[in-house]
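Naming: A, B, ... by sequence-line order, numbering from 1 per chain. Values in this document were obtained by computation on a predicted structure and should not be read as measured data.
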There are 2 protein chains.
Amino acid sequence: MKESTTKKLLKERKLRITTVRNEILSIFNDRNYALSFYDLEKELKTKFDTATIYRTINTFVENNIIHQIPLESKTAYYALNSVLEEDENSRKEHIHFLCRICRRTYCLENVIIKDLKINKNFRLESLKIIAEGVCDNCGAIS
Amino acid sequence: MKESTTKKLLKERKLRITTVRNEILSIFNDRNYALSFYDLEKELKTKFDTATIYRTINTFVENNIIHQIPLESKTAYYALNSVLEEDENSRKEHIHFLCRICRRTYCLENVIIKDLKINKNFRLESLKIIAEGVCDNCGAIS
DNA sequence: TTTTATTTTGCAAGTAACTTGCAAATATAA
DNA sequence: TTATATTTGCAAGTTACTTGCAAAATAAAA
Ligand SMILES: [Mn+2]
Ligand SMILES: [Mn+2]
Ligand SMILES: [Zn+2]
Ligand SMILES: [Zn+2]
């Protein structure tokens, strides 16, 4: 991601423009799968403190720049929100695909989620879907 | 749950019959929603050690007696597997419903999961669905 | 451009949610 | 019963994060 793009994004959310924020944003943008703190640390450990990386992740979640993905894993994973969504409420529901071979988690935005018929007396408001299987990359190799 | 039922279940899986195991099994059976370590601790703290409760949870997961539920929450939640399922592979896929009011998580076994059309080149093998909304109990109150 | 106000950062310490090692206690098999 | 294997309690350890505080960086005001 170009630095001008990350700066624009931060300015929109009224966040100060700093090096960690620019760098973390551009790392997220370079990947098409979800990242944990440890993925970020690998690339940033010489430059920034642990607490700073965690605080940046939290700031980004609070400001609707990234979202956490519900997985059974003990460490949290995050991915960029799609750039189209302006505000929190317009955020597009999408599914997460966890590859059982490479363990990467992808956001799939163009899968149509059909309405589920839930037991009566349970009022359904939203759905989170984690699909598991083999990703395009791992399927091609085997 | 009657003690004879819990004993039978443990014997089937070739697990030794102990007091913690009987008690944790019957607590799970008395609830129709998922439990965390802290929920169990509340009822058992005078009787058993922290490590024992954690080890029992892990033993139950390994032996296919309970399952973990993928939530964004930091602490893990577990629920009983349905008694019908004999072995791991026959385990019925079902959805989890998280109530935004009481924060309880329910296993809903009788919701039909329609096949999703995933992006081509992603091979879908299973689905985990977390539905959010208002549960029957909280809906009745309001 | 300097001064000032506000936010962010690094460092160190702290906490929550588990996990592990080991000896004593208990459960099952012999 | 006695022997063997498993489980338990206690204490210590680990992992994944969070917080307090002073120094540094950013942005707004002058
Ligand atoms: Mn996503
Ligand atoms: Mn369930
Ligand atoms: Zn893969
Ligand atoms: Zn409820």
Side-chain angles (χ1 to χ4, degrees), chain A residues 3-4 6-27 34-63 65-78 103 105, chain B residues 3-4 6-27 34-63 65-78 103 105:
Chain A
E3 209 188 87
S4 61
T6 63
K7 282 186 181 168
K8 194 172 145 263
L9 183 60
L10 293 170
K11 214 163 244 170
E12 274 169 21
R13 322 273 155 146
K14 298 196 160 100
L15 292 173
R16 291 191 178 196
I17 292 153
T18 68
T19 12
V20 225
R21 288 178 181 169
N22 280 324
E23 296 208 19
I24 291 188
L25 267 182
S26 95
I27 291 172
L35 300 173
S36 67
F37 164 80
Y38 297 92
D39 296 323
L40 294 171
E41 197 197 27
K42 260 182 258 156
E43 317 214 7
L44 300 174
K45 66 172 154 239
T46 53
K47 290 184 190 156
F48 307 101
D49 188 70
T50 304
T52 304
I53 300 174
Y54 275 116
R55 281 191 277 230
T56 306
I57 292 172
N58 289 341
T59 305
F60 284 180
V61 171
E62 285 154 18
N63 288 275
I65 292 169
I66 60 176
H67 59 282
Q68 197 193 328
I69 293 159
L71 297 173
E72 263 144 17
S73 97
K74 184 171 296 188
T75 61
Y77 278 79
Y78 301 90
R103 307 308 296 166
T105 300
Chain B
E3 210 187 87
S4 61
T6 65
K7 282 185 181 169
K8 193 171 147 262
L9 183 60
L10 293 170
K11 216 163 239 167
E12 273 171 21
R13 322 273 156 145
K14 299 198 159 97
L15 292 173
R16 292 190 176 196
I17 292 154
T18 67
T19 11
V20 224
R21 288 178 181 170
N22 279 326
E23 296 208 20
I24 291 189
L25 267 182
S26 94
I27 291 174
L35 300 173
S36 67
F37 164 80
Y38 297 94
D39 296 323
L40 294 171
E41 198 197 27
K42 260 181 259 156
E43 316 216 4
L44 300 173
K45 66 173 153 238
T46 53
K47 291 184 190 158
F48 307 101
D49 188 69
T50 304
T52 304
I53 300 174
Y54 276 116
R55 279 192 279 231
T56 306
I57 292 172
N58 290 340
T59 306
F60 284 0
V61 170
E62 285 153 19
N63 287 276
I65 292 170
I66 60 175
H67 59 281
Q68 197 193 329
I69 293 160
L71 297 173
E72 264 144 14
S73 99
K74 185 168 297 188
T75 62
Y77 278 78
Y78 301 90
R103 307 309 293 166
T105 300

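- Between A:Tyr54 and A:Asp49, the closest side-chain pair of non-hydrogen atoms is not below 4.5 Å.
- Using a 4.5 Å cut-off on side-chain heavy atoms (C-beta onward), A:Asn22 and A:Leu10 make contact.
- At a threshold of 4.5 Å between non-hydrogen side-chain atoms, the residues B:Thr18 and B:Thr56 do not count as touching.
- In this structure, A:Ile69 and A:Ala34 approach most closely via the heavy-atom pair CD1-CB, 3.5 Å.
- Near DNA chain D, defined here as any heavy-atom distance below 4.0 Å, the residues from residues 69-78 of chain B are B:Lys74, listed numerically.
- The shortest side-chain heavy-atom distance between B:Leu71 and B:Tyr77 falls under the 4.5 Å cut-off.
- Atom-to-atom distance recorded for A:Leu25:CG and A:Leu9:CG is 5.5 Å, nearest 0.5 angstrom.
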Nucleotide by nucleotide, nucleotides 25-30 of chain D touches protein heavy atoms under 4.0 Å in the pattern (B base, S sugar-phosphate only, - none) BBS---
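- Of the residues in residues 37-50 of chain B, those lying under 4.0 Å from DNA chain D by heavy-atom distance are B:Lys47, B:Phe48, B:Asp49.
- In plain terms, the two heavy atoms of A:Gln68 and B:Glu72 that are nearest each other are O-OE2, 3.1 Å.
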Which atom pairs, donor and acceptor, lie under 3.5 Å between side-chain atoms of residues 36-43 of chain B and protein residues at least two apart or in another chain?
from, atom 1, to, atom 2, distance (Å)
B:Ser36, OG, B:Tyr38, N, 3.3
B:Ser36, OG, B:Asp39, N, 3.3
B:Ser36, OG, B:Asp39, OD2, 3.2
B:Asp39, OD1, B:Lys42, NZ, 3.3
B:Asp39, OD2, B:Ser36, N, 2.8
B:Glu43, OE2, B:Arg31, NH1, 3.4
B:Glu43, OE2, B:Arg31, NH2, 2.3

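- A:Leu44 has its side chain out of reach of A:Thr52: every pair of non-hydrogen atoms, C-beta onward, lies at least 4.5 Å apart.
- Residue A:Thr19 holds its OG1 atom at 4.5 Å from CZ of A:Phe48, rounded to the nearest 0.5 Å.
- A:Arg21 comes within 4.0 angstrom of the backbone, heavy atoms only, and of no base.
- Expressed to the nearest 0.5 Å, how far OG1 of B:Thr50 lies from CZ of B:Arg55 amounts to 10.5 Å.
- With axes fitted over five pairs at each extremity, the angle between the ends of the helix from C:dT1-D:dA30 to C:dA30-D:dT1 is 30° (10° resolution).
- A 4.0 Å heavy-atom criterion places the boundary nucleotides of DNA chain C facing chain B at C:dA17 to C:dT28, written 5' to 3'.
- Using a 4.5 Å heavy-atom threshold, the side chains of A:Arg21 and A:Thr59 count as touching.
- The one candidate from B:Ile24, B:Val61, B:Leu35 that meets the side-chain contact (heavy atoms from CB on, under 4.5 Å) condition with B:Tyr78 is B:Val61.
- Going from atom CG of B:Asn63 over to atom CD of B:Glu12 covers 11.5 Å, rounded to the nearest 0.5 Å.
- Remark: A:Lys8 NZ to A:Arg13 CZ distance equals 10.0 Å, nearest 0.5 Å.
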